[in-house]
2 protein chains.
Amino acid sequence: MGHCLTTLPSLRDALDVVSGKWKLMILVALATGHQRFRDIERSIPGISSKVLAKELKDLEQHQLVRRTVQEGPPVLVTYEVLPYADTLDPVIFALREWGINHRRKIMGASSEV
Amino acid sequence: MGHCLTTLPSLRDALDVVSGKWKLMILVALATGHQRFRDIERSIPGISSKVLAKELKDLEQHQLVRRTVQEGPPVLVTYEVLPYADTLDPVIFALREWGINHRRKIMGASSEV
DNA sequence: ATCTTTGCTTACCAAAAGTGAGCAGCTACC
DNA sequence: GGTAGCTGCTCACTTTTGGTAAGCAAAGAT
């Protein structure tokens with residue numbers, strides 16, 4: 001119910017860009033004001049610099065993020081979400097709401113035995 | 001903007017359950033009436049039986065899916081989405097919408113050079 | 001009897017993710 | 001000026017995950 005025939009292919013298209021452990025997290029980190037590599041890295045618990053570097057490149061290729069180098073010294077590298085990435089807000093919002101709820105469910109279940 | 005401090009952790013919670021290439025696709029497949037293993041497998045292009053079996057177990061553990069065995073003969077195994085999985089509808093909807101739009105963007109970009 | 005379908009599992013290999021170290025370029029401090 | 005620290009990464013390595021192909025028992029169809 002509510003799922004039409006184009007659901008699977010479109011979902012596939014979206015997941016191909018956005019699935020994975022880190023991409024959405026990185027976008028949120030950027031959107032909340034973390035622009036520098038180390039800053040982003042610190043704001044996302046558990047991510048490694050290797051993965052961050054790779055995911056940022058990916059996001060750049062998908063035109064969701066822009067990398068800017070201000071020649072120094074010191075050289076300053078900044079990342080920012082491009083406007084197009086804002087179109088992912090509903091996805092992030094939905095996931096976040098679900099996450100909040102799911103945590104409630106899990107916590108609730110363990111104490112209600 | 002619009003992102004509060006609980007965004008990252010909640011997003012993490014959600015992604016831990018739901019991220020990956022296949023889980024949402026499987027839920028949609030189930031929701032659109034595919035209940036049998038082979039049926040699901042055929043409805044999701046590119047998935048392998050190994051991965052499907054593993055993801056189904058995962059989804060079962062997260063209480064999003066129920067596996068039912070009707071002793072036969074023939075033995076009949078059916079999978080169904082549990083009501084709780086419906087709470088993911090907004091996520092799926094948002095992703096699907098984004099996928100539709102993203103495809104438009106990609107296609108558009110290649111012809112508008 | 002043989003072939004097909006179902007619901008998987010098992011080996012095997014490849015790709016991705018995580019770990020830890022390191023490195024060039026700069027600053028900060030005494 | 002020596003050493004310590006930060007930045008934005010990369011490299012080599014191990015571990016985990018994914019994908020591919022085959023196979024298998026139970027049953028049904030021909």
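Just so we're clear, the structure is a prediction, and the values are computed from it rather than from any experiment. Lettering follows sequence order; numbering is per chain, from 1.
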Side chain of B/Y79, heavy atoms from C-beta onward: which of C/dC8, C/dG7, C/dT27 has the nearest atom to it? C/dC8
If I take atom CZ in residue B/F37 and atom C1' in nucleotide C/dT5, what distance separates them, rounded to the nearest angstrom?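 So the CZ-C1' distance, B/F37 to C/dT5, works out to 13 Å.
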For the pair made of CD in A/E71 and P in C/dA24, what is the distance, rounded to whole Å?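 Value for this atom pair: 18 Å.
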Tell me whether A/T32 contacts the main-chain N or O of A/A29 through its side chain, where contact means a donor paired with an acceptor under 3.5 Å. yes
Backbone of A/E41 reached by a side-chain donor or acceptor of A/R36 within 3.5 Å: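 No, A/R36 side chain to A/E41 backbone: no donor-acceptor pair under 3.5 Å.
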Any side-chain N or O of B/R38 below 4.0 angstrom from OP1/OP2 of C/dT5? no
Polar atom pairs between nucleotides 15-22 of chain C and protein, under 3.5 Å, N or O only, would you list them?
| residue | atom | partner | partner atom | Å |
| --- | --- | --- | --- | --- |
| C/dA17 | OP2 | A/K54 | NZ | 3.1 |
| C/dG18 | OP1 | A/K21 | NZ | 2.9 |
| C/dG18 | OP2 | A/W22 | NE1 | 3.2 |
| C/dG18 | N7 | A/K50 | NZ | 3.2 |
| C/dG18 | O6 | A/K50 | NZ | 2.4 |

Nucleotide range of DNA chain D lying under 4.0 Å from chain B heavy atoms: D/dG18 to D/dG28
I need the A/D86 CG to A/L27 CG distance, nearest 0.5 Å. 9.5 Å
Kindly give the heavy-atom pair with the smallest separation between A/I40 and A/H34, and that separation in Å. CG1-O, 3.5 Å
Identify the two heavy atoms, one from B/E80 and one from B/T68, that lie closest to each other, and give their separation to 0.1 Å. OE2-OG1, 3.8 Å
Please tell me if the side chains of A/V65 and A/I26 come closer than 4.5 Å, counting only heavy atoms from C-beta onward.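 A side-chain contact under 4.5 Å is absent here.
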Would you mind listing every side chain to side chain donor-acceptor pair (under 3.5 Å) that reaches into residues 69-79 of chain A, with sequence neighbours excluded?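 Checked against side chain to side chain donor-acceptor pair (under 3.5 Å) - neighbours excluded - the pairs reaching residues 69-79 of chain A are A/R67-A/Y79.
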Answer yes or no for A/R103 and A/W98: cation-pi contact, defined as NZ/CZ to six-membered ring centre under 6.0 Å and angle to ring axis within 45°. no
